[in-house]
Protein chains: 2
Amino acid sequence: MLAFERREKILSTLYSDKKVFVAPLASTFNVTEETIRRDLEKLEREGVVTRNYGGATLNERTSEDLPYQTRNTINLEEKRIIAQFLPPLIKDGSSIMADTSSTVYEALQVLQQSKDHLTIITNSVSILQDFAFSSFDVFSTGGSLRKNSRSLVGPSAIRSVQQYNVDAAVVSCKGISMTQGIMDTNEPEADLKQYMQNQARRVILLVDHTKFGAVSLVKTFPFEQVDCLLTNKKPAEEWLDFFGQHEIDVIFPS
Amino acid sequence: MLAFERREKILSTLYSDKKVFVAPLASTFNVTEETIRRDLEKLEREGVVTRNYGGATLNERTSEDLPYQTRNTINLEEKRIIAQFLPPLIKDGSSIMADTSSTVYEALQVLQQSKDHLTIITNSVSILQDFAFSSFDVFSTGGSLRKNSRSLVGPSAIRSVQQYNVDAAVVSCKGISMTQGIMDTNEPEADLKQYMQNQARRVILLVDHTKFGAVSLVKTFPFEQVDCLLTNKKPAEEWLDFFGQHEIDVIFPS
DNA sequence: CATGTATGCTCGCTTTTGAACGAAGAGAAA
DNA sequence: TTTCTCTTCGTTCAAAAGCGAGCATACATG
């Protein structure tokens with residue numbers, strides 16, 4: 001039995017019972033209580049459980065969130081660098097649209113700390129979940145829950161997006177190419193993004209350096225629509241020229 | 001029985017009875033009265049109860065606006081008992097509407113294990129989150145994220161609900177009374193529930209025993225609309241008569 | 001080889017619990 | 001009202017259970 005295997009089993013017990021105890025776990029897995037405690041400690045650091053004397057209870061709010069969270073920690077540093085550039089571009093009290101991407105998610109976390117009030121319209125379930133107890137006004141687009149993601153898409157989401165006119169759309173993508181434009185991996189989200197862009201006065205695109213030149217399945221909207229691009233490394237000269245031609249403000253760490 | 005577990009159970013008794021006594025608690029948990037006193041002391045420090053001679057009473061104010069996660073673990077056993085009754089009432093492949101309540105949430109968890117395919121329309125963020133990786137089709141109503149809850153409400157959610165016609169509405173409430181009807185603590189959710197009920201061929205109401213006779217702020221829909229009621233304890237004879245008059249099928253543990 | 005991770009073990013510290021006893025509250029009787 | 005009695009509370013002490021830090025070992029990984 002490997003460590004992560006054990007933790008997975010602990011998690012599954014947690015999901016069904018909402019709580020676990022140190023001593024029984026230790027004996028079922030044939031490890032010392034120390035090990036179990038360390039497991040629970042780890043789970044607590046990840047925000048999944050709260051420990052109490054003799055065991056731990058599940059944190060409802062992140063109940064099924066583990067896969068997302070791990071995915072979210074990939075390139076987290078890059079995403080945070082990008083996120084730092086967003087607050088100066090957003091005025092307190094303004095309204096924004098946010099798509100379902102971990103980059104945008106990180107950026108909103110930073111906004112939450114630096115702004116008093118914002119109105120957020122989003123199709124991301126993760127954002128809904130995280131802002132349930134914030135002071136921001138949050139609107140969900142509704143729509144169909146896309147399989148294996150926390151994204152709401154489809155005609156209903158599109159209709160919903162069209163109801164709002166916002167100051168800025170904060171979106172990400174899977175790849176940008178000078179010839180192919182801005183691309184995403186799946187049709188429904190790419191589609192929705194296009195409508196988001198359409199309802200916003202300004203379009204702010206968040207792209208980390210790995211997206212430059214990456215080609216992906218489906219085009220979203222053209223570069224002409226982008227007002228501002230945030231990234232985590234200085235792009236190559238030809239990209240800077242390209243952005244200049246399209247009148248896109250590029251922001252990157254100096 | 002560990003300390004935190006005992007305190008949870010005390011809380012759960014508090015939520016259903018509004019008050020507890022030291023001596024009976026001590027004997028049910030097989031601990032000394034001192035221990036119970038210390039538990040109550042702790043709960044008092046947390047602002048949940050006020051102690052008085054011989055026991056403690058629940059602080060009314062906090063009972064309504066409980067954070068979701070505490071509310072969710074309270075009376076979990078009762079909720080699971082109710083949840084068990086739902087699968088036989090729902091045919092595989094059918095479509096249902098689900099509100100934002102921990103009882104309905106538990107019931108859907110059970111459905112997830114016993115059905116191959118369902119279409120769920122919900123205003124609950126928690127359900128969206130939990131079914132992101134399931135085989136069910138899930139639609140979000142969208143709408144405004146209600147403060148300090150994981151519930152989507154408002155005109156946009158209502159419009160959205162009206163787009164769908166489903167086989168069953170699975171809903172809960174905060175209180176039922178023969179004279180006042182079915183009640184909830186807040187207007188927006190009560191409102192939405194009414195529309196949900198309206199779009200469903202059958203209305204299934206999930207109520208634990210603490211809700212019987214409990215009066216709450218705002219009425220939702222009348223008993224005439226309810227087709228089936230699931231609860232965790234056999235209701236009193238007058239309630240059974242009452243349900244009979246309204247042609248409501250009542251299901252409870254035998 | 002060095003490095004990092006996982007695990008077990010020990011020891012001192014904290015939390016929890018029960019027992020004991022005096023103090024305080026409730027209710028009845030004067 | 002005052003007094004008396006019984007119950008309930010709070011405090012203190014000690015024992016037991018649980019915990020965290022630090023160290024050592026084992027094993028994989030680079």
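Chain naming here is simple, since letters A, B, ... match the order of the sequence lines and numbering starts at 1 in each.
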Rounded to whole Å, please give me the gap between [atom1] in [X] and [atom2] in [N].
X        : N       : atom1 : atom2 : value
Leu25(B) : dG18(C) : CG    : P     : 13 Å
Phe29(A) : dG8(C)  : CZ    : C1'   : 17 Å
Arg51(B) : dA26(C) : CZ    : C1'   : 17 Å
Ile36(B) : dA19(C) : CD1   : P     : 14 Å
Phe4(B)  : dT14(C) : CZ    : P     : 22 Å
Asn30(B) : dA19(C) : CG    : P     : 12 Å
Glu41(A) : dT5(C)  : CD    : P     : 15 Å
Asn52(B) : dG27(C) : CG    : P     : 12 Å

Practice prompt. Give a yes-or-no answer on whether the side chains of Lys79(A) and Ser102(A) include a donor-acceptor pair shorter than 3.5 Å.
Written response: yes
Practice prompt. Check whether the side chains of Ser216(B) and Thr185(B) place a donor and an acceptor atom closer than 3.5 Å, and report yes or no.
Written response: no
Worksheet entry | Phosphate contact (dG8(C) OP1 or OP2) by Thr35(A) side-chain N/O below 4.0 Å | yes
Worksheet item: OP1 or OP2 of dT7(C) less than 4.0 angstrom from a side-chain nitrogen or oxygen of Arg37(A), does that happen here?
Response: no
Worksheet item: With Lys42(B), which residues qualify under salt bridge (Lys or Arg N to Asp or Glu O under 4.0 Å), at least two apart?
Response: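 In terms of salt bridge (Lys or Arg N to Asp or Glu O under 4.0 Å), with neighbours along the sequence ignored, Lys42(B) is linked to no residue.
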Practice prompt. Identify whether the distance between the nearest side-chain nitrogen and carboxylate oxygen of Arg38(B) and Glu34(B) falls below 4.0 Å.
Written response: no
Practice prompt. Please check if the side chain of Asn123(A) supplies one atom and the backbone of Leu152(A) the other of a donor-acceptor pair under 3.5 Å.
Written response: yes
Fill in: Whether Ser12(B) side chain and Glu8(B) backbone form a donor-acceptor pair below 3.5 Å
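Side chain of Ser12(B) to backbone of Glu8(B), a donor-acceptor pair under 3.5 Å: no, none is there.
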Worksheet item: If you check the Glu34(A) side chain, which of dT10(C), dA19(C), dT16(C) turns out closest?
Response: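 Within the option list, the nearest is dT10(C).
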Worksheet entry | Contact nearer the 5' end of DNA chain C, comparing Glu33(A) with Ala3(B) | Glu33(A)
Worksheet item: What are the 5'-most and 3'-most nucleotides of DNA chain D lying under 4.0 Å from any heavy atom of chain A?
Response: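 Result: dA17(D) to dG22(D).
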Discussion item. Go nucleotide by nucleotide along DNA chain D from the 5' end; which of Arg38(A) and Ala23(A) gets its closest nucleotide reached first?
Written reply: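 Its nearest nucleotide lies further toward 5', so the answer is Ala23(A).
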Item to complete: Show the numbers, then the answer: is there a side-chain contact (heavy atoms from CB on, under 4.5 Å) between Asp137(A) and Lys147(B)?
Response: CA-CA 8 Å; Asp137(A) 282 332; Lys147(B) 288 270 176 287; 3.3 Å; yes
